[in-house]
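To find a chain, count down the sequence lines: A is the first, B the second, and so on, and within it residues start at 1.
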Amino acid sequence: MMVRTFKTTTAPHVRHPDDTSKIMRDVLIALIPVTIFSGFIFGWYAWVLAIVGVFGGELTEYIIMRFFRKDKNFIPDGSASVTGLLLALNVSVKLPLWAFLVGLIFALVVGKHIYGGLGANPFNPALVGRVFLLISFPVQMTTWVKPYWTKFWMSPWDMVTTATPLAMLKEGGSSAINSLKISDFFIGNIGGSIGEVSALLLIIGFVYLMAKKRVTWHIPVSYVGTVLIISTIFWLINPEKFGTPIFHILSGGLMLGALFMATDMVTSPVTPKGMLLFGAGCGAITMIIRYFGGYPEGVSFSILIMNAFVPLIDSFTKPRKFGEVKQNG
Amino acid sequence: MKLLTFKGGVHPPEKKELSKDSPLETFRIPEKVYLYLVQSAGSPPKLLVEKGEEVKTAQKIAEASSLISANLHSPVTGVVEDITKMFHPVLGAPSDLLVIKRTSEKDEWELLEPIDFESSDPKILIERVKEAGIVGLGGAAFPTHVKLSPPKEIDTLIINGAECEPYLTVDHRLMLEKTEELIVGIKIIMKILNVKKAVIGVENNKKDAIDALKKFSGEGIEVVALKTKYPQGAEKQLIKAILNREVPSGGLPMDVKVVVQNVGTAVAIKEAVVDGKPLIERGLTVTGEGVKTPKNVVARIGTPIEELIDFAGGYNGEVDRVVLGGPMMGIAVPNTSIPTMKGTSGILVLTKEVTGSIYTRNCIRCGRCVEACPMNLRPNVLYKLVQAKKYDEAVSEGLFDCIECGSCAYICPSKIDHVRHLKLGKKVYRALRRGK
C-alpha cells in the first residue's frame, strides 16, 4: 500500500468562484457607458480624466502598498480603479489634471489607506476626494460647461460655461428652469459633473450590476424614493420655489450617488434593513441641503454623513439570532 | 408542491452525479484494521483486550467508560497485533490506536441475540443500541443511546435524509437500497422514544429516494421533500424547515420535543436489534474528481482510506487534498494511512482544479456571509472580534451559536476563513474560562 501525504487545510474545501476583484471589475464595466458618453458631450478631456483615474488610482495604490505599507505580496484588487473612475465622473471637466491627481492621491491616502486600506475605511474614498477638491478648488469644481453632443474633439477651455440646473433653481426658483426639457435630464444634455448627467446610462449600468448580483436594489430605491416623497411634499407646498419631483430625481449627482456611490459595500450597512435606513437618511439629508443649505447640491455630503452612521445602523439592524427568542417567538 | 426549508444557506455545486447511481458495494475484509479508541464524541471506551489476544468479528473489545461513551467491537476475525498511538484527524493530535491483523478471510461472528422489537420493552431496545456501540453516522458520531434517552418529553422523531453536503451520496443509496431496513429502524426508534410521529426529510435532489420511501409511509411515518440547499441537514435547520420550531440558543432538539437521527443510524439500529449485529461496518462514499471511479461502499470500520481510494479506481489528476466527510465540513487528512471511523461518511479526493488557489483579502463588508448564515449571525463581525481577541464580545455576538457549517467562508468574495477563526475563538474562550 502506497501511502500518500497531503496538506491539511481547514473546511470548507470548496469556495464560491466570486472574488473581490471580479466585483470591482463588474463595477468598472457598469460605468463604461456613462464614461464613453461623457467624452462625447464634454469633450475628449473627460476621457483623459477617466483613464488617469483608473490607471493613476491603481498606480497610487500599488506605491502605497509596496513602499509605504511594505506588502510584498500585494495583488491589486481593482478597488483603486473604481475609486479613480468614480472620482473622475464626479468632477467638472474644467478641473486641471494636476488638481485631479492631487484629489485622487488624497482620496486613496486619506480616504482609504490611513484607515488600513480596503474594507477599513469608514467613508467612501471617491467622495472624500471629491469634497477635498470642492473645498480646495471651488472655482474649477463648480464651473460647468454646456454639453456639446458628439463634439468630442473640443477642449473644455473652448467650451461655453453654464450653471447646473440645481444652481439655477437655487438662484431663480422654478421659472429659471422652465425652459429645460425632462428628456435632456434623462439623456444627459445638461451641465454638471462629467459622469452624473445621464440618468439613462447610469441606470443601464446599475441594471447590469443587479443582473450580476453584485448589488441589491435596497439603497438606490430607498434613496431615490425618499427624495421623491420629500420633493413631492415641498413641490405641493410651493411649486414656484422648489422644483418638481422628477427634476430633483434627475438632476445633480443623485443618480450617480444613489446607484454607484451610496451602494459602496465597504461604507454602507450590511443587512437589507440597514440599507433601507441608510438610503432614506441619504435622501433626507440631500434634500435638506438642496432646499436650505449653502450648496445647490448635497449628494456627496449626505452620503458621507450617512457613512458615519453605518456602524450605528449596523448594530441597530442586527439580525435576530436563530433561536434567540424561545420557540416560535 | 412547496419545498420546506430554512432562511440563509448557500448552493455549492452538488457533484452528486459522480456517485449517486453507483450501488453500494461491499469492500473486502482488509488484512489489517486500524481502530482509534476514540470513535465518537464523549470519553474514550475502556479497552477489554490485550496485545496478542485473538478476537472474533463483532466481539466487544472496548466498553463505554462513562455516560457519554460508546462500546467498540472488532470489525474482523484476527489477532490484536499492536496497541499504539497515531495521529487522529478529528482530535488533531496523536491518539490510542488498535491494530488488528486478520487471521481468517471468513468472519467468525460473535453476534448478539436477535430481538423481536415489536414485543419487547423499550428499555431492552435502548440497551441493545448501547451494547451495539452505535453512534450518529451523519458525521458528528454522538453516542446514539444517549440521544435516544432524552430527559424531556418528545413528540416527533425526525429522520435526516437531507444529505446536504455536496458529493456525498451514501445516505441516498441507503434510502434506495435499504428502504425496508430503514423503515424498521425508524419503527424501533419510535418505540424507544414512545412517539407516534416520525418525519423523514429528504432534499429534493433525491426524488427517487422520496418515491421509494413514500411506498412505506403511513403508520405515523411521513416523508417530506426539502429544498436542496446547504446546510439543510443541520439539525436545527432541519427542525425549523420541517416543524417550524426553533431550537433555542444553546439548547438541544429535545427542548422543542424533537430527536433527530440520520438515516444511516436508523439502518444500523435495525441491524443491531433485528440481526444482533453491532456497528462494525458502515456505508460511505468514496468520491471526488480526484478518483477514477467514484462509488458508494460498505467497508469495515478501521479500513485505511488508501485501500478505499484504490477500490475507487485510484487517483485521478492533480490531487490537492483528501477529506473525511463532505467538502463543507469535512476534515482534510495529512496522509492516507489514516483509517475510516464510525463517523466517516465519505472519503473525498479533491483536485487542485476544484480547490483552487485561495488569496485572502480584507473584508469588504459585502454582507453575503450575513445573508448566508443559517443561524442569523454576523460572521464578519464575529471574525473581527475573534481576531481582535475580544472573546467576551464575540460570545455575546453569538460565537457559540455558530454551527461551523462553513457557508460564510464558502460565499466570501474575500476568501476569509471565518470558520477556522471562529473554531479557534471557541477553543481559546473555553481555555480562558477553565483558567479562571
At a heavy-atom separation under 4.5 Å, does [X] approach chain A through its side chain, its backbone, both, or neither?
{"X": "B:Tyr359", "result": "side chain"}
{"X": "B:Cys366", "result": "both"}
{"X": "B:Ile338", "result": "neither"}
{"X": "B:Asp310", "result": "neither"}
{"X": "B:Val333", "result": "backbone"}
{"X": "B:Val10", "result": "neither"}
{"X": "B:Lys7", "result": "neither"}
{"X": "B:Pro166", "result": "neither"}
{"X": "B:Ile411", "result": "both"}

Relative to chain A, which of [options] shows the most heavy atom pairs under 4.5 Å?
{"options": "B:Val354, B:Val419, B:Asp417", "answer": "B:Asp417"}
{"options": "B:Leu348, B:Asn380, B:Val323, B:Leu377", "answer": "B:Val323"}
{"options": "B:Gln237, B:Glu404, B:Met328", "answer": "B:Met328"}
{"options": "B:Ala332, B:Pro12, B:Gly251, B:Gly367", "answer": "B:Ala332"}

With only heavy atoms counted, which part of [X] is less than 4.5 Å from chain B, the side chain, the backbone, both or neither?
{"X": "A:Thr271", "value": "side chain"}
{"X": "A:Ser79", "value": "neither"}
{"X": "A:Pro272", "value": "neither"}

Check this for me: [X], atom [atom1], are more than 12 non-hydrogen atoms of other residues, nucleotides or ligands nearer than 6.0 Å?
{"X": "A:Phe309", "atom1": "CZ", "answer": "no"}
{"X": "A:Lys22", "atom1": "NZ", "answer": "yes"}
{"X": "A:Lys273", "atom1": "NZ", "answer": "no"}
{"X": "A:Phe74", "atom1": "CZ", "answer": "yes"}
{"X": "B:Lys352", "atom1": "NZ", "answer": "yes"}
{"X": "B:Gln387", "atom1": "CD", "answer": "yes"}

Can you measure from [atom1] ([X]) to [atom2] ([Y]) and round to the nearest 0.5 angstrom?
{"X": "A:Thr10", "Y": "B:Met329", "atom1": "OG1", "atom2": "CE", "result": "12.5 Å"}
{"X": "A:Met24", "Y": "B:Ile364", "atom1": "CE", "atom2": "CD1", "result": "5.0 Å"}
{"X": "B:His11", "Y": "A:His16", "atom1": "NE2", "atom2": "NE2", "result": "10.0 Å"}

* **Cationic N near anionic O, under 4.0 Å, A:Asp264 to B:Arg365** =>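 Looking at A:Asp264 and B:Arg365, the cut-off is not met.
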Side-chain ([X]) to main-chain ([Y]) donor-acceptor, under 3.5 angstrom:
{"X": "A:Thr5", "Y": "B:Asn335", "result": "no"}
{"X": "B:Asn376", "Y": "A:Arg320", "result": "yes"}
{"X": "B:Asn362", "Y": "A:Leu118", "result": "yes"}

* Just wondering, do A:Asp18 and B:Arg368 contact through their side chains at under 4.5 Å, heavy atoms? ->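 They are in side-chain contact.
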* Would you call A:Val270 and B:Glu371 a side-chain contact if the rule is heavy atoms closer than 4.5 Å? ->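 With C-beta onward as the side chain, the pair stays apart.
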* To do: Determine, stepwise, if the pair B:Arg321 / A:Thr9 fulfils side chain to side chain contact (heavy atoms under 4.5 Å, CB included).
  => CA-CA 8 Å; B:Arg321 64 187 89 162; A:Thr9 329; 3.5 Å; yes
[X] versus [Y], closest heavy-atom pair with distance:
{"X": "B:Ile358", "Y": "A:Arg15", "result": "CD1-CG, 3.5 Å"}
{"X": "A:Phe322", "Y": "B:Glu246", "result": "CZ-CG, 3.6 Å"}
{"X": "B:Asp401", "Y": "A:Lys321", "result": "OD2-CD, 3.7 Å"}
{"X": "B:Arg361", "Y": "A:Asp77", "result": "NH1-CB, 3.3 Å"}
{"X": "B:Gly330", "Y": "A:Ala11", "result": "O-CB, 3.4 Å"}
{"X": "B:Val322", "Y": "A:Phe6", "result": "CG2-CE1, 3.4 Å"}

* Most chain B-contacting option - heavy-atom pairs closer than 4.5 Å, from A:Met275, A:Met265, A:His13 ->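 Going by pairs under 4.5 Å, I would pick A:His13.
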* Asked: So which of A:Gly274, A:Ser21, A:Pro17, A:Gly119 has the largest heavy-atom pair count under 4.5 angstrom toward chain B?
  ->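 Looking at each option in turn, the highest pair count goes to A:Gly119.
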* Check step by step if salt bridge (Lys or Arg N to Asp or Glu O under 4.0 Å) holds for B:Arg378 and A:Asp314. => CA-CA 10 Å; B:Arg378 299 191 294 175; A:Asp314 266 347; 5.2 Å; no
